[in-house]
Structures are given as structure tokens and as C-alpha cells.
Asks: 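Handing you this structure, nothing more for now.
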Amino acid sequence: RRGERERVERDRGGGVQLWHFLLELLGRGEGGAIGWSDQWGEFVIRDPERLAQLWGERKGKPHMNYDKLSRALRYYYNKRILHKTKGKRFTYKFNFSKLVLVNYPTVPHSLPPVLPHALPHCASFPPPSFPI
DNA sequence: ATCGGAAAAT
DNA sequence: ATTTTCCGAT
């Protein structure tokens with residue numbers, strides 16, 4: 001039946017993407033595992049294994065850990081969703097300018113077609129005082 | 001801790 | 001296409 005697969009996927013969190021999940025926790029001010037830093041778009045993973053556990057629960061992957069989660073984050077580097085803040089432990093930064101450009105068709109449509117579709121559904125985006 | 005290749009899974 | 005899994009190198 002139509003919707004069955006989607007339902008099952010949703011029930012085990014199959015549809016959600018990692019960076020959506022991160023923005024969700026950050027927007028909610030989840031506090032413990034992950035939080036914004038003082039730099040715009042930058043976040044610090046305060047409890048890597050806890051974050052991995054939460055991510056694993058969402059995805060139905062009981063053996064998720066930070067080693068594997070962080071590999072997924074590194075795949076975001078080339079996709080220009082994230083980059084690492086070098087020298088700051090467990091610290092990454094979102095490419096908000098790119099994200100915003102994709103979401104504001106007013107600007108040239110000629111930039112690297114980087115980002116997905118689901119942005120409007122993210123809990124709190126753009127973050128509190130992001131300068132559009 | 002962080003990186004990125006390779007292969008498998010979804 | 002986006003992870004997940006595994007792992008050797010830095």
C-alpha cells in the first residue's frame with residue numbers, strides 16, 4: 001500500500017538526515033549532548049557518545065557510536081553542509097550562507113546545487129540571530 | 001581526535 | 001544518494 005513503507009521508515013526514523021537531526025537538537029536547546037558555540041553556526045558536541053546514542057535511537061541503529069557518526073559528518077565536508085573547526089575539539093560549523101542561498105531564490109540560482117529540500121521543516125532555522 | 005578510502009547497507 | 005561499518009594513517 002502507498003504510505004506503508006513511508007510509515008515504517010518514519011517509525012524507525014529512516015527518513016531523517018543527520019544534519020536535520022542536529023538542527024533539531026540544537027533548535028530545541030537540548031543542552032546536554034550538543035549546543036551552539038559562540039560563533040554563528042558553530043556547534044560543540046559536548047557528549048559525543050550520548051549524541052551517537054540518540055542518533056542511533058532515531059535511526060534504529062543500536063550500535064551507533066561517535067566514530068561512525070563523525071564519519072557521516074565528514075561526508076558533509078565535500079557537500080558543503082559542514083566543516084570542521086580546526087583545533088576545537090568536537091566542534092563543527094554549518095555552512096549557513098550556502099543553506100540560506102538555497103532557500104532564498106531571490107539570489108542567483110547558479111551556485112553549487114548543494115542542499116536538500118527539508119530545510120523549512122527544521123525545528124529552528126535559521127538560528128536565533130542569523131543575519132539574512 | 002581527526003581524516004578519508006572502501007565496501008556494505010538502507 | 002545517504003549513511004553505516006570498518007579501519008589504516010596522521
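Model, not experiment: these values are computed from the prediction. Within every chain, numbering begins at 1; the chains are lettered A, B, ... in the order of the sequence lines, protein sequences first and strands thereafter.
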Asks: Can a cation-pi geometry be assigned to A:R80 and A:Y76, taking NZ or CZ under 6.0 Å from the six-membered ring centre and within 45° of the ring axis?
Replies: no

Asks: Can you tell which of C:dC7, B:dT2, C:dT3 lies closest to the side chain of A:D67?
Replies: C:dC7

Asks: Can you pull every protein N or O that's under 3.5 Å from an N or O on nucleotides 8-10 of chain B?
Replies:
| from | atom 1 | to | atom 2 | distance (Å) |
| --- | --- | --- | --- | --- |
| B:dT10 | O3' | A:R12 | NH2 | 3.1 |

Asks: Going by an N to O cut-off under 4.0 Å, is there a salt bridge joining A:K84 and A:E42?
Replies: no

Asks: Below the 4.0 Å mark, does B:dG4 have OP1 or OP2 next to a side-chain nitrogen or oxygen of A:Y77?
Replies: no

Asks: Mapping A:R74 and A:M64 to their closest nucleotides on DNA chain C, which lands nearer the 5' end?
Replies: A:M64

Asks: Would you state whether a donor and an acceptor, one from the side chain of A:Y75 and one from the base of B:dA6, lie under 3.5 Å apart?
Replies: yes

Asks: Can you find a side chain N or O atom of A:K84 that sits less than 4.0 Å from OP1 or OP2 on B:dT2?
Replies: yes

Asks: List for me each residue that meets side chain to side chain donor-acceptor pair (under 3.5 Å) alongside A:R46, sequence neighbours excluded, and say none if there are none.
Replies: none

Asks: Hey, does the side chain of A:Y76 come within less than 4.0 Å of C:dT2's phosphate (OP1/OP2), counting only N and O?
Replies: no

Asks: Nearest to the side chain of A:W19, heavy atoms from C-beta on, is which of C:dT3, B:dA1, C:dT5?
Replies: C:dT3

Asks: NZ of A:K68 versus C1' of C:dC6: gap in Å, rounded?
Replies: 9 Å

Asks: How long is the span from the CH2 atom in A:W19 to the CG atom in A:N95, to the nearest 0.5 Å?
Replies: 11.0 Å

Asks: A:A72 side chain: which of C:dT3, B:dA6, B:dA1 is closest?
Replies: C:dT3

Asks: Test of understanding: with side chain to side chain contact (heavy atoms under 4.5 Å, CB included), list the residues that count as partners of A:N65, not counting sequence neighbours.
Replies: A:E49, A:D67, A:K68

